[in-house]
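Scroll down for the structure; my scribbles are underneath it.
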Amino acid sequence: MGVNLKDLITPECKLEIDDLRQLSGRIIAFDAYNALYQFLAAIRQTDGTPLMDSKGRITSHLSGLFYRTINFLENGIKPIYVFDGKPPEIKRKELEQRRIRKERAAKMAEKAYSEGNIEEASKYVVQAIFLTDEMVKEAKELLDAMGIPVIQAAEEGEAEAAYIAKKGLAWATASQDYDSLLFGAPRLVRNLTITGKRKLPGKDIYIEIKPEIIELEKLLKTLGITHEQLIDIAILIGTDYNPDGVEGIGPKTAYQLIKAYGSLEKIIKSPHGSHISEDLIKIKNYFLNPVVVDVERIEWKEPDTNRIKDLLVREHDFSIDRVENALKRLEKAYREYIKGRPSSLDQWFKYGKK
DNA sequence: CCTCCCTA
DNA sequence: TAGGGAGGG
């Protein structure tokens with residue numbers, strides 16, 4: 001699931017956020033699939049079952065998206081949700097592996113349940129989660145009704161989000177994965193759709209999860225490398241397009257090799273790289289030149305409360321009281337932060353300068 | 001994940 | 001008034 005740059009990111013490249021208010025006024029391009037998966041994983045009863053309507057359809061993703069997005073807006077954050085399109089051909093192997101892992105997890109969950117091992121079962125249930133076309137469609141519908149921009153990527157959502165941020169239409173991307181940095185996003189915010197405390201595996205210790213900003217320029221400067229070299233290191237470690245990475249190479253070796261040889265191409269030609277496939281160059285090219293759709297400007301709309309109520313209350317049995325309460329907050333946030341305000345940085349500069 | 005309600 | 005716990009769909 002995404003590239004693992006964790007070991008390369010030193011504390012000085014990260015800026016921790018204590019309060020969402022610190023992101024007030026910022027336009028943030030969310031990886032929608034990433035957010036939806038997190039809601040599906042997190043929004044569950046104590047026994048592990050997700051929220052469901054009376055017809056047995058899962059609604060955890062809608063609940064999470066609805067309330068969390070309103071919280072962002074109330075804090076002055078303007079979200080954009082970017083949805084994945086058709087996966088690129090080079091991702092096929094990873095997707096196949098994921099499918100197998102999920103099927104296996106689903107079987108393990110069933111087994112654990114039948115043996116009465118509920119805790120273990122819910123662990124596997126979370127691993128087996130997948131987004132259906134219906135879930136994606138309804139998430140888009142909900143966001144559109146809320147007046148939140150939905151961007152349909154041609155291929156990778158992370159690539160599209162990075163493109164939007166590079167262009168200045170968003171201040172940062174948001175995801176748990178680091179891929180958007182490889183696609184050139186100037187800033188990545190992590191831990192924005194998860195909050196609170198997370199249990200350390202195996203122990204009874206909880207650590208508080210805070211949002212963090214990673215700046216691409218700062219990361220490159222700290223490591224003393226270029227953007228292309230960061231991509232090279234990621235490929236050596238392993239990305240969604242070469243999930244296993246290069247045998248025998250972890251973060252440290254990858255960094256040292258790039259520092260010593262300068263590029264993936266040169267490593268491949270060196271004695272160190274005789275076993276490294278030339279195909280990896282294709283991956284580098286994809287990170288440098290992903291397929292994206294052009295976006296000219298991004299607009300927020302007035303929330304359509306009737307449409308939201310149709311979807312959440314009538315269709316999916318949300319409590320009318322809770323939804324109406326939230327809608328009041330949504331409308332207030334809309335008036336306060338969006339209505340009558342410029343919708344892109346371009347316009348902000350225009351109006352801002354007078 | 002979220003809101004809501006209860007308790008101190 | 002804040003903070004834990006239950007329940008949301």
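Protein chains get the first letters and strands the later ones, always in sequence-line order, with residue 1 at the start of each. This structure is a prediction, so every number in the text was calculated from the model and none was measured.
Hydrophobic clustering (ILVMFWY, side-chain heavy atoms < 4.5 Å, transitive): Ile213(A) and Leu181(A) are in distinct clusters.
Counting non-hydrogen atoms under 4.0 angstrom, Ser319(A) reaches the backbone sugars and phosphates but no base. Nucleic acid contact for Arg68(A): sugar-phosphate only, since backbone atoms but no base atoms lie under 4.0 Å from a heavy atom of the residue. Thr193(A) comes within 4.0 angstrom of the backbone, heavy atoms only, and of no base. Thr59(A) comes within 4.0 angstrom of sugar-phosphate atoms only, judged by non-hydrogen atoms across all strands, and of no base.
Atom NE2 in His316(A) sits about 13 Å away from atom P in dG9(C), given to the nearest Å. Regarding Arg44(A), its CZ atom lies at a distance of 17 Å from the P atom of dG9(C), rounded to whole Å. Residue Met52(A) contributes atom CE, which lies 12 Å from atom P of dG8(C) at whole-angstrom precision. For the pair Ile43(A) CD1 and dC4(B) P, the interatomic distance rounds to 15 Å; values are reported in whole Å. For the pair Asp53(A) CG and dG8(C) P, the computed distance is 14 Å after rounding to whole Å. What separates CE of Met146(A) from P of dC2(B) is a distance of 13 Å, to the nearest Å. Separating the CZ atom of Phe39(A) from the P atom of dT3(B) is a distance of 11 Å, rounded to the nearest angstrom. Rounded to whole Å, the distance from CD on Gln45(A) to P on dG5(C) is 17 Å.
Around CZ of Arg329(A), the count of heavy atoms belonging to other residues, nucleotides or ligands within 6.0 Å exceeds 12.
Glu160(A) contributes a side-chain N or O that, together with a main-chain N or O of Val293(A), makes up a donor-acceptor pair within less than 3.5 Å. One N or O on the side chain of Asp240(A) and one on the backbone of Gly2(A) form a donor-acceptor pair closer than 3.5 Å.
dG9(C): no Watson-Crick or G-U partner with both key distances under 3.5 Å is found in any strand.
Residues Phe30(A) and Phe72(A) place their aromatic rings such that the two centres sit under 6.0 Å apart.
Note on Arg322(A): every side-chain N or O is 4.0 Å or more away from OP1 and OP2 of dG7(C).
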